Amino acid sequence: MGLVNSFQQILKAFFRQPPCSTHRNGRVQSQNVRMPKFTDRGTEQGMPRVALVLLGQFLRQYSRQHQLTLLTEADTSAAADGSFWYLRSADLTVVVTARAHPSDRDRALVSLITDADAIEAWLGQRGLPPESHPGGPTSLAALGQFMLAWVQACAQASATAPAQTVIDRQKERRLLLNQVIAKIQGSLELAEILETTVAEVRRFLQADRLLIYQFDQPPSTTLKSMTEEAPEQRDWAESIGYITYESRASDRLPSVLHYTEHMCFQKHPDHPDRARHYREGQPIVIDDIAEAYRDIPCMLAFLQQVQVKSKAVAPILVGQDLWGLLIVHQCDNQRCWHPWETEFLQHIAEHLAIAINQAQLYQRLQQQTQNLEVCVVERTQDLRDALVAAEAANRAKSEFLATMSHELRTPLTYIIGMSATLQRWSLGELSPRQRDYLSTIQASGEHLLRVINDILDVSKIENGRTVLDVRQFSLTSLCRQSVDAFRNEATRNTIDIGLDLKLSNGQDTFVADPRRVRQILANLLSNAVKFTPANGKVVLRVRREQNDAVFQIEDTGIGISPTAQPLLFEKFQQLESVRQREHQGTGLGLALTKQLVELHSGSIKVSSEVGVGSTFTVRIPLQRSVAPLETEAPTAEPVVGRIVLVEDSEETATLICDMLTAAAYQVIWIVDGSRVLDQVRLLQPAAVITSLSLASADGGDIIAALRQGADPMETKILALTEVDAPDQAERALTAGADDCIGKPIDPRRLLSKVNAIMTAPPSVRINH
């Protein structure tokens with residue numbers, strides 16, 4: 001037995017169990033497992049589980065070397081609660097058993113049985129037949145040889161196994177942490193991250209159950225507003241949550257998913273300490289549930305119901321808030337938690353906090369994105385509704401202006417035309433006062449008609465319905481006519497008006513819309529004459545700069561202040577106050593001028609000084625030519641001739657008849673357009689004036705029929721077109737009309753047109 005006693009000391013040193021860190025109610029205690037006395041009847045001793053592999057290898061190798069019979073749990077069908085090795089020979093019979101440690105998963109309990117009676121009893125307990133035991137005493141020499149071989153194997157294992165175990169565990173922890181971090185970085189799906197992490201951590205720790213307890217409201221968010229009187233208890237009492245994720249080692253364990261603890265924690269005397277530990281991010285481990293929760297019956301009853309014997313808890317802090325708890329349950333036996341396990345659990349909780357924070361930020365970002373999308377959709381709809389409303393208002397404005405064009409311009413034309421006719425030809429002599437009245441009526445009507453025309457022009461340009469009639473013309477001729485139109489008015493106001501042409505050879509011909517250029521110059525010259533006091537001066541300077549025509553209108557008028565200059569080209573803007581206003585005007589002239597200049601892709605600028613005068617500079621680029629050089633139709637004296645008028649508007653027909661009759665023409669008025677051809681063949685007139693807007697026939701067809709007869713007539717044709725239908729003029733000229741004049745009728749322009757076509761050769765057409 002001396003060899004056995006010697007081996008006992010060696011095994012005692014080898015199997016000595018290291019201190020186990022036990023956490024009781026948040027306090028760490030140290031306890032040592034008392035080494036029981038070794039006997040030959042199978043006393044159990046603790047050893048690292050990793051050493052079991054080496055022990056099995058040693059026993060198999062020893063049995064082969066010494067020709068022993070080896071029987072293990074794999075060679076029997078009987079149920080076993082662990083592993084065993086049964087070696088027998090003629091002089092040696094031993095049994096080595098191993099089973100799981102009840103409180104430490106990393107260790108195992110190993111026993112050595114050498115007594116013959118004990119071996120026989122052990123065989124009977126496992127249902128092995130009695131003949132499995134050969135009988136006979138065990139040789140002390142054989143037992144000593146076996147013991148020495150085991151000592152040598154144990155020495156080698158004790159030198160290498162613990163260090164290798166630590167290294168392997170560290171590798172596994174790093175690998176699992178890396179997997180958790182990779183999962184967090186690769187996904188924003190919080191549910192997937194938490195579910196995967198819970199399952200992987202439970203498997204790594206070899207725990208029976210691992211779960212996440214989530215608070216409805218983070219308790220640390222309300223703690224700051226608590227008073228110093230038991231703040232943790234009041235905070236914890238209001239912070240109840242439920243279990244949201246769970247992983248179990250076996251389905252035989254009851255599930256605690258969605259369980260809530262119903263404020264059992266607040267009744268524990270150590271509850272404030274635990275709350276403080278959680279808020280500081282410190283884990284708490286409990287080796288013995290019965291001891292830790294003996295003062296909390298409700299919690300103890302629940303834990304015993306779900307078979308929990310030990311547990312570890314790590315807080316999950318998101319920012320400064322306690323979001324939840326990561327809880328590990330040991331159910332089969334009590335567990336002595338190692339420091340590395342609690343440290344590992346704490347690392348996992350920290351990385352889960354990062355994932356939760358990222359998910360919350362992503363969720364807020366998604367919500368903000370959705371809110372932004374909703375705002376964009378609503379704003380877009382508002383803008384669309386505003387655009388529809390603006391378009392409707394624009395259409396209403398256009399309809400109003402069209403109505404005003406018809407309802408105002410037509411009676412104004414009659415007023416202007418009839419007053420002009422009465423002045424030229426009346427039923428009797430007119431007194432000077434009557435002539436003054438007629439002149440005032442005509443001048444006022446013409447002024448009002450110009451205002452209406454300006455409003456309509458502005459509206460057409462804004463709506464994009466104005467097209468330039470681009471053609472060649474003479475700058476010299478156009479500018480002289482423009483200045484001459486204001487010479488009488490300037491003379492009445494003792495204003496010197498002049499023209500300064502700086503055009504070299506070949507620069508006189510220009511391509512643009514001559515009517516619009518004349519309108520631009522007329523607006524600027526009118527303002528210059530209007531705002532220049534007596535004995536002042538107005539000059540129109542004209543020059544060419546490469547492909548641009550530059551017009552400068554200089555005056556010595558009242559000038560414009562720098563603060564008022566930005567308002568010059570705004571519609572309906574008067575730079576004078578209502579009380580100080582001394583000059584008539586609607587404020588549309590310069591706005592229309594600017595639009596007409598920009599319609600030519602040109603520019604207009606002003607430089608002015610109050611009390612000194614102003615200079616407006618207009619630059620118009622050369623336009624693409626589409627028509628031959630414009631020639632001014634010569635104005636001849638009236639020629640007596642017969643004229644047929646085709647018009648179904650009584651007012652317009654009466655006006656034209658009176659004006660032409662006063663000019664010594666013989667006018668025959670035909671209302672029905674369907675009888676025109678027969679009347680023209682019968683009357684043989686020198687000219688036909690026909691409207692294109694007839695109710696009884698198409699004016700264009702009438703013109704075409706007059707020109708396409710078997711013997712083309714030499715009758716001159718003047719077409720009456722609507723101003724709001726610009727295509728009528730082109731259609732009339734294409735059908736064969738000699739010239740066109742727009743409604744409402746301008747008396748002077750009508751007489752000029754009629755005289756021109758009456759005196760022109762048969763083959764010559766007068767360009768509109």
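Keep in mind it's a predicted model, so treat the numbers as computed, not measured. All residue numbers in this chain count up from 1 along the given sequence.
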**OP:** Taking the side chain as every heavy atom from C-beta outward, state whether V754 and L660 have any atom pair closer than 4.5 Å.
**Re:** yes

**OP:** Drop me the distance from Q623's CD to N547's CG, to the nearest 0.5 angstrom.
**Re:** 10.5 Å

Original post:
Is R487 atom CZ crowded by more than 12 heavy atoms from other residues, nucleotides or ligands, each under 6.0 Å away?
Top reply: yes

Original post:
Got a donor-acceptor contact below 3.5 angstrom from the T556 side chain to the G613 backbone?
Top reply: no

Subject >> Atom of L521, atom of S482 and distance for their closest heavy-atom approach >> reply: CD1-OG, 4.0 Å

Original post:
So how far is it from I497 CD1 to L525 CG, rounded to the nearest 0.5 Å?
Top reply: 5.5 Å

Original post:
Between D739 and K753, does at least one N-O distance fall below 4.0 Å, as a salt bridge requires?
Top reply: yes

**OP:** Could you check T715 against L706 for side chain to side chain contact (heavy atoms under 4.5 Å, CB included), going step by step and ending with a plain yes or no?
**Re:** CA-CA 8 Å; T715 304; L706 291 173; over 6 Å; no

**OP:** Determine yes or no for a side-chain-to-main-chain donor-acceptor pair under 3.5 angstrom, with D648 supplying the side chain and A695 the backbone.
**Re:** yes

Original post:
Would I643 and V688 count as a side chain to side chain contact (heavy atoms under 4.5 Å, CB included) if you check the C-alpha gap in whole Å, the side-chain angles of each, and the deciding distance to 0.1 Å?
Top reply: CA-CA 6 Å; I643 297 176; V688 175; over 6 Å; no

Subject >> Pair D469 + R471: basic N to acidic O under 4.0 Å >> reply: yes

Original post:
Between V542 and L499, is a side chain to side chain contact (heavy atoms under 4.5 Å, CB included) present by the stated rule, with each step listed?
Top reply: CA-CA 8 Å; V542 185; L499 175 64; 4.2 Å; yes

Subject >> Note, V646 side chain near I689 side chain (heavy atom, < 4.5 Å) >> reply: no

Original post:
Is any side-chain heavy atom of F531 less than 4.5 Å from a side-chain heavy atom of D555?
Top reply: no

Subject >> Heavy-atom closest pair, residues T494 and A534 >> reply: OG1-CB, 3.3 Å

Original post:
Around Q434, counting heavy atoms of other residues, nucleotides and ligands shown, do more than 12 lie under 6.0 Å from its CD?
Top reply: yes

Original post:
How about N523 and L590: do any of their side-chain heavy atoms sit closer than 4.5 Å?
Top reply: no

Original post:
Looking only at side chains, do E489 and S526 share a donor and an acceptor under 3.5 Å apart?
Top reply: no

Original post:
Closest heavy-atom contact between L501 and R480?
Top reply: CD1-NE, 4.3 Å

**OP:** Working to the nearest 0.5 Å, report the span between CZ of R541 and SG of C479.
**Re:** 13.0 Å

**OP:** List the atom of P533, the atom of I495, and the distance in Å for their closest heavy-atom pair.
**Re:** O-CG1, 3.8 Å

Subject >> Side-chain touch V517/F551, heavy atoms, less than 4.5 angstrom >> reply: yes

Subject >> D496 and V539, any side-chain heavy atoms less than 4.5 Å apart >> reply: no

Subject >> Residue pair V538 / A528: nearest heavy atoms and the distance that separates them >> reply: CG1-CB, 3.8 Å

Original post:
Can you check whether I702 reaches D698 side chain to side chain, under 4.5 Å on heavy atoms?
Top reply: no

**OP:** Hey, could you give me the CG/OG1 distance between D508 and T476, rounded to the nearest 0.5 Å?
**Re:** 3.5 Å

**OP:** Examine distances only and state if a side-chain atom of S614 and a backbone atom of S608 form a donor-acceptor pair shorter than 3.5 Å.
**Re:** no

**OP:** Answer yes if the side chains of Q552 and T617 hold a donor-acceptor pair under 3.5 Å, and no otherwise.
**Re:** yes

**OP:** Rounded to the nearest 0.5 Å, what's the gap from CG on L524 to CG on L540? Could you check?
**Re:** 9.0 Å

Subject >> Distance in Å, T652 OG1 paired with L720 CG, rounded so as to fall on 0.5 Å steps >> reply: 8.0 Å

Subject >> Non-hydrogen atoms of Q728 and T721 that approach each other most closely >> reply: OE1-CA, 3.4 Å

**OP:** Spell out, as yes or no, whether a donor-acceptor pair under 3.5 Å connects the side chain of Q472 to the backbone of V511.
**Re:** no

Subject >> With D548 via salt bridge (charged side-chain N to carboxylate O under 4.0 Å, His left out) - residues at least two apart >> reply: R619

Subject >> Side chains of R544 and F510 in contact at under 4.5 Å (non-hydrogen atoms) >> reply: yes

**OP:** Give the intermediate values and the outcome of side-chain hydrogen bond (donor to acceptor under 3.5 Å, both in side chains) for residues E598 and S603.
**Re:** CA-CA 6 Å; E598 291 176 347; S603 63; over 6 Å; no

**OP:** Verify the distance criterion only: is there a donor paired with an acceptor across the side chains of Q381 and D385 at less than 3.5 Å?
**Re:** yes

**OP:** For the residue pair S691 and K743, confirm or rule out a side-chain donor-acceptor distance under 3.5 Å.
**Re:** yes

Original post:
Of V618, L622, D513, which is the lone residue that meets side chain to side chain contact (heavy atoms under 4.5 Å, CB included) with H600?
Top reply: D513

Original post:
For residues Q519 and R516, is any side-chain donor paired with an opposing acceptor at under 3.5 Å?
Top reply: yes

Original post:
Short question: side chain of W669, backbone of E647 - any donor-acceptor pair under 3.5 Å?
Top reply: yes

Subject >> Main-chain N/O of I717 paired with D738 side-chain donor or acceptor, under 3.5 Å >> reply: yes

Subject >> Criterion side chain to side chain contact (heavy atoms under 4.5 Å, CB included) on T615 and I553, from CA distance to verdict >> reply: CA-CA 6 Å; T615 300; I553 294 87; over 6 Å; no

Original post:
Judged by atom type as modelled, is there a donor-acceptor pair below 3.5 Å linking the side chain of Q481 to the main-chain atoms of L478?
Top reply: no

